[in-house]
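Structure first, commentary second.
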Protein chains: 2
Amino acid sequence: MTTPKKTLTSADQQLLVFKALADPIRLEIIQYLKQVEHEVACGEVGQAIQISKTSGSYHFKLLAAAQLITTHKVAREKYVSLNLATFERYVTDFYQNI
Amino acid sequence: MTTPKKTLTSADQQLLVFKALADPIRLEIIQYLKQVEHEVACGEVGQAIQISKTSGSYHFKLLAAAQLITTHKVAREKYVSLNLATFERYVTDFYQNI
DNA sequence: AATATAGTTCAAATATTTTTGAACTATTTT
DNA sequence: AAAATAGTTCAAAAATATTTGAACTATATT
């Protein structure tokens, strides 16, 4: 049995998004994910930007909670990619939406 | 004599901007500044969103450091307004610029 | 079956951010 | 000149966020 996922108010998600973006490591992750061509697993990103597995796990969790990335697990590995819809709605369109 | 103002790298300013946006009080301030018609002093904003003078002073300082607001002092009062150029460059255009 | 690999979880330690109240400066009003 | 108003500064306290390593789960390789 899995825990039911909380639906967030849009103000709450807006805050999660900005909090997720307010960290240099997470900005590096996002930058890496934007420029890389192929599908990437967490481990590849971690190596590329030189952080520990534990640290990676923590930061990917926050990015996912903010819905800035989506993830899908294939066997041992967790693939991550940017969720452009969230960027558009909560970053690009932030100013016009408030 | 005034202290020379540090010029920031754009990565540093990007981070300051997201940190400044990563707080509910500061988002309320921004919202208020966007919707209000006339020029506003810090005190008016503080009253509108119910925060203390001290708290206001702290939050306006961070917003100004991120260049999300500009300020000008007239006698006792400090007037604040949104700096749209910063919103455009570091928020609206964030994704395309990284 | 044993070992290696990818990632998570937990709790403790550390670092950073935010809040608070008192004391302060500068200006305005009485 | 005294009192009031707008805002700042400082340091201590409180709250939040991040880092770290050890122990863990699940899958893959030998």
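So you know, we letter chains A, B, ... as the sequences are listed, proteins then strands, and number each from 1. This one's a predicted model, so the numbers in the text were calculated from it and none came from an experiment. Scope of the values below: all heavy atoms of this structure, side chains included, with no hydrogens, waters or symmetry mates.
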Tell me, with the steps shown, if A:Thr92 and B:Phe94 meet side chain to side chain contact (heavy atoms under 4.5 Å, CB included). CA-CA 7 Å; A:Thr92 305; B:Phe94 165 72; over 6 Å; no
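- B:Lys19 places its NZ atom 12 Å from the P atom of D:dA17, with the value rounded to the nearest Å.
- Contact annotation: A:Arg26 side-chain N/O to D:dT18 OP1/OP2 distance is under 4.0 Å.
- Side-chain proximity of B:Thr54 to the nucleotides C:dG7, C:dT20, C:dT18 is greatest for C:dT20.
- Summarising the geometry, the separation between CD1 on A:Ile49 and P on D:dT19 is reported as 10 Å, rounded to the nearest angstrom.
- Look at B:Lys78 and you'll find a side-chain N or O under 4.0 angstrom from OP1 or OP2 of D:dT8.
- Each of A:Ala75 and A:Ser52 lies near DNA chain D, and the nucleotide nearest A:Ser52 is the one positioned closer to the 5' end.
- Distance CG (A:Leu21) to C1' (D:dA17): 16 Å, rounded to an integer number of Å.
- Judged by a 6.0 Å distance limit and a 45° cone about the ring axis, B:Lys34 is positioned over the six-membered ring of A:Tyr95.
- Counting only Watson-Crick or G-U wobble pairs whose defining distances are both under 3.5 Å, the stems of 3 or more consecutive pairs in DNA chain D are C:1-30 with D:1-30.
- Nearest-nucleotide positions on DNA chain C for B:His59 and B:Lys53 put B:His59 closer to the 5' end.
- Checked by atom type and distance alone, the side chain of B:Glu88 never pairs as donor or acceptor with a backbone atom of B:Asp93 at under 3.5 Å.
- Distance A:Glu39 CD to C:dA6 P: 16 Å, rounded to the nearest Å.
- Nearest to the side-chain atoms of B:Ser57 among the listed nucleotides C:dT16, D:dT5, D:dT9 stands D:dT9.
- For D:dT8, the OP1/OP2 oxygens have no side-chain nitrogen or oxygen of B:Lys61 closer than 4.0 Å.
- Here the P atom of nucleotide C:dT20 and the CD1 atom of B:Ile51 are 11 Å apart, to the nearest Å.
- For the pair A:Tyr58 OH and C:dC10 C1', the computed distance is 14 Å after rounding to whole Å.
- B:Arg26 contributes no side-chain N or O that, together with a main-chain N or O of B:Leu21, makes up a donor-acceptor pair within less than 3.5 Å.
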Worked verdict on A:Leu68 versus A:Leu63 for side chain to side chain contact (heavy atoms under 4.5 Å, CB included): CA-CA 5 Å; A:Leu68 286 166; A:Leu63 289 168; 4.1 Å; yes
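- Side chain of B:Arg89 to backbone of B:Asn97: no donor-acceptor contact under 3.5 angstrom is found.
- Residue B:Asp23 contributes atom CG, which lies 9 Å from atom C1' of C:dT17 at whole-angstrom precision.
- B:Phe18 has its ring centre no less than 6.0 Å from the ring centre of B:Tyr90.
- Phosphate contact (OP1/OP2 of D:dG7, side-chain N/O of B:Lys73, threshold under 4.0 Å): absent.
- Among the nucleotides D:dA26, D:dT19, D:dG7, the one closest to the side chain of A:Arg76 is D:dA26.
- The nearest whole Å value for the distance from the CG atom in B:Leu62 to the C1' atom in D:dT9 is 14 Å.
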